[in-house]
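Below is one structure; the comments refer to it alone.
All values derive from a computational prediction rather than experimental measurement.
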Amino acid sequence: MNVLWLQASGCGGCTMSLLCAENPNVFDLLGGAGISFIWHPALSVASGDEVRRLLAQVGAEEIPLDILCIEGAIARGPRNTGRYQMLSGTGRSMMDWVQSLAPLARHVIAVGSCAAFGGVTTAGGNPSDAVGLQFDGTHAGGILPSGFVGKGGLPVINISGCPMHPDWVTETLLMLADDALTPADLDSYARPRFFADHLVHHGCTKNEFYEYKASAKELSQIGCMMEHLGCIGTQAVGDCNIRPWNGAGSCTRGGYPCIACTAPEFEEPRHSFTETPKIAGIPVGLPSDMPKAWFMALASLSKAATPDRIGTNATSDRVTIPPTIRTPKK
């Protein structure tokens, strides 16, 4: 299976994350499944004329294009010419290349939230008029029309995240190689459901504090960060805490709130990422699938029942009071 990977308007962080795939590493894993890169700008040896020839061969369908991966948003400016970002040496914009190559591909993958929805590239007024492949933020239709499907019958597959987890890319590629990904396996934003059917909240190491609404007040304290520090892991899709990066890490495990980087328009929340918006002292961003009145009633009961250990530890940067282990009576 041939993969062509192009990097558009972004930081390259998704490629860096992909290289963190381990046990086995990304090269052994994909190679063992018969997946090879026609070209990747950071991983391939070919450059210059060699790449231009490869792209010409793909465009002429002399080299089968099984999967087209795009990393980064697509700049449409100025005035919808796409010339803010040219594919070096080709005389053509990245926008032109993507629009011409996508219909030739069996599958098209947007790697990361920039490619999927516009992401960070579109923040701050979006001076380059950047957009995602098949979404413009939450709105269907990007550089490709909303009704676009690849030759394999799927829309653009959005492996969102900033960056995405390396396993989300490798698992998607392996499923496509095995012809095991169907439209039913994608959610409403065309994100693979194997990670999008989970919440970041699932498996979070701070869940005991969440249950008692024992909240951290400053970053790196070990309490729950939803009430004061902007964490929206109860609403954000992703299995980040079920299979953490490098087997051990995630944003919340590192003491930073989840900012829902797998979601469209996460990049401009209209408040600080580490601030929880409130109305009359009640957090606005409550779990999306629970009535607010129920949540507040449960929260009041939970706070009243909070053990001293949990309440004290919540505002500490380490365990101050360990659990009491009751020894059985002889």
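The distance from atom NE2 of H202 to atom CG of L199, rounded to the nearest 0.5 Å, is 4.0 Å. For the atom pair OG of S302 and CD1 of I310, the computed distance is 10.0 Å after rounding to the nearest 0.5 Å. Going from atom CD1 of I38 over to atom CD of Q57 covers 9.5 Å, rounded to the nearest 0.5 Å. Once rounded to the nearest 0.5 Å, the distance linking CG of L4 with CD1 of I63 reads 9.0 Å. The OG atom of S17 sits 9.5 Å away from atom CD of E71, with the distance rounded to the nearest 0.5 Å. A distance of 8.0 Å separates OG1 in T234 from CD1 in I232, rounded to the nearest 0.5 Å.
Side chains of H228 and K278: a donor on one and an acceptor on the other come within 3.5 Å. Side-chain contact, D66 with H107: no donor N or O sits under 3.5 Å from an acceptor N or O. With hydrogens and angles left out, the side-chain atoms of H40 and T15 include a donor and acceptor closer than 3.5 Å. Remark: the E267 side chain and the T122 side chain contain an N/O donor-acceptor pair separated by less than 3.5 Å. In the model, T315 has no side-chain atom that pairs as donor or acceptor with a side-chain atom of Q221 under 3.5 Å.
Scanning all heavy atoms of the two residues, the minimum distance from G72 to I70 falls at O-CG2, 3.8 Å. Scanning all heavy atoms of the two residues, the minimum distance from R253 to N241 falls at NH2-O, 3.0 Å. Scanning both residues, F27 and N25, for their nearest heavy atoms gives N-OD1, 3.0 Å. In terms of heavy atoms, P155 sits closest to Q134 at CB-OE1, 3.5 Å. Minimum heavy-atom separation, P103 to V98: CD-O, 4.5 Å. When all heavy atoms of L65 and L101 are compared, the closest pair comes out as CD2-O, 3.8 Å.
Under the 4.5 Å side-chain criterion, counting only non-hydrogen atoms from C-beta, L173 is in contact with L30. L18 places a side-chain heavy atom less than 4.5 Å from the side chain of T170. For the pair S36 and N2, the minimum side-chain heavy-atom distance is below 4.5 Å. Taking 4.5 Å as the limit, some side-chain heavy atom of W5 sits within range of a side-chain heavy atom of F37.
In the hydrophobic cluster analysis, where Ile, Leu, Val, Met, Phe, Trp and Tyr join through side-chain heavy atoms closer than 4.5 angstrom, M95 is grouped together with L104. A chain of hydrophobic side-chain contacts below 4.5 Å, direct or via other Ile, Leu, Val, Met, Phe, Trp or Tyr residues, connects L87 to I74. Under the 4.5 Å side-chain heavy-atom criterion for grouping Ile, Leu, Val, Met, Phe, Trp and Tyr, L154 is connected to L174 within one hydrophobic cluster.
The side chain to side chain contact (heavy atoms under 4.5 Å, CB included) test with T121 is passed by exactly one of P127, C11, S9: S9.
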*Under the salt bridge (Lys or Arg N to Asp or Glu O under 4.0 Å) criterion, do R53 and E62 qualify, and how do the steps go?*
CA-CA 11 Å; R53 285 193 293 270; E62 296 170 8; over 6 Å; no
*asked:* Please determine whether side chain to side chain contact (heavy atoms under 4.5 Å, CB included) holds for the pair V200 and D239, giving the CA-CA distance in whole Å, both sets of side-chain angles, and the decisive distance to 0.1 Å.
replied: CA-CA 6 Å; V200 173; D239 57 5; over 6 Å; no
*Going through the distances and angles, do R76 and D136 end up as a side chain to side chain contact (heavy atoms under 4.5 Å, CB included)?*
CA-CA 12 Å; R76 295 179 295 188; D136 182 359; 4.1 Å; yes
*Please step through side chain to side chain contact (heavy atoms under 4.5 Å, CB included) for the pair E22 and D167, ending with a clear verdict.*
CA-CA 9 Å; E22 53 186 10; D167 289 1; over 6 Å; no
_Residues Y189, F117; criterion ring-ring contact (aromatic ring centres under 6.0 Å, His included); working and verdict_ = CA-CA 9 Å; Y189 283 118; F117 310 121; 5.6 Å; yes
*Give the C-alpha distance, both sets of side-chain angles, the deciding distance and a yes or no for side chain to side chain contact (heavy atoms under 4.5 Å, CB included) between L229 and Y256.*
CA-CA 8 Å; L229 296 174; Y256 197 84; over 6 Å; no
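For the pair T306 (side chain) and Y212 (backbone), a donor-acceptor distance under 3.5 Å is present. Of the possible donor and acceptor atoms, none in the side chain of Q99 sits under 3.5 Å from a partner among the backbone N and O of L144. Counting only distance, with no hydrogens or angles, the side chain of R191 and the backbone of T262 share a donor-acceptor pair below 3.5 Å. Of the possible donor and acceptor atoms, one in the side chain of H165 sits under 3.5 Å from a partner among the backbone N and O of R243. Judged by distance alone, with hydrogens and angles left aside, the side-chain atoms of N207 form a donor-acceptor pair with the main-chain N or O of H201 at under 3.5 Å. Formation of a donor-acceptor pair under 3.5 Å by the S44 side chain with backbone atoms of P41 is not found in this model. One N or O on the side chain of D185 and one on the backbone of T182 form a donor-acceptor pair closer than 3.5 Å. The main-chain N or O of C261 is found under 3.5 Å from a side-chain atom of S113 such that the two form a donor-acceptor pair. Counting only distance, with no hydrogens or angles, the side chain of T276 and the backbone of M226 share a donor-acceptor pair below 3.5 Å.
The neighbour count for K217 NZ, taken as heavy atoms of other residues, nucleotides or ligands under 6.0 Å away, does not exceed 12. Atom CG of N246 is surrounded by more than 12 heavy atoms from other residues, nucleotides or ligands within 6.0 Å.
A salt bridge links E208 with R309; the closest basic N to acidic carboxylate O contact falls under 4.0 Å. Under 4.0 Å is where a charged nitrogen must lie from a carboxylate oxygen, and between E227 and K303 at least one such pair does. By the 4.0 Å N-to-carboxylate-O rule, E275 lies too far from R270 to be salt-bridged with it.
Using cut-offs of 30° and 60° on the angle between ring planes, the pair W168 and F195 is parallel.
Sorted by first and then second residue, the salt bridge (charged side-chain N to carboxylate O under 4.0 Å, His left out) pairs with a member in residues 86-97 read R92-D96; sequence neighbours excluded.
Every residue meeting the side-chain contact (heavy atoms from CB on, under 4.5 Å) condition with R52, not counting sequence neighbours, appears here in chain and number order: D49, T90.
A cation-pi arrangement is found for K213 relative to Y210, the charged atom lying closer than 6.0 Å to the ring centre and inside a 45° cone about the ring normal.
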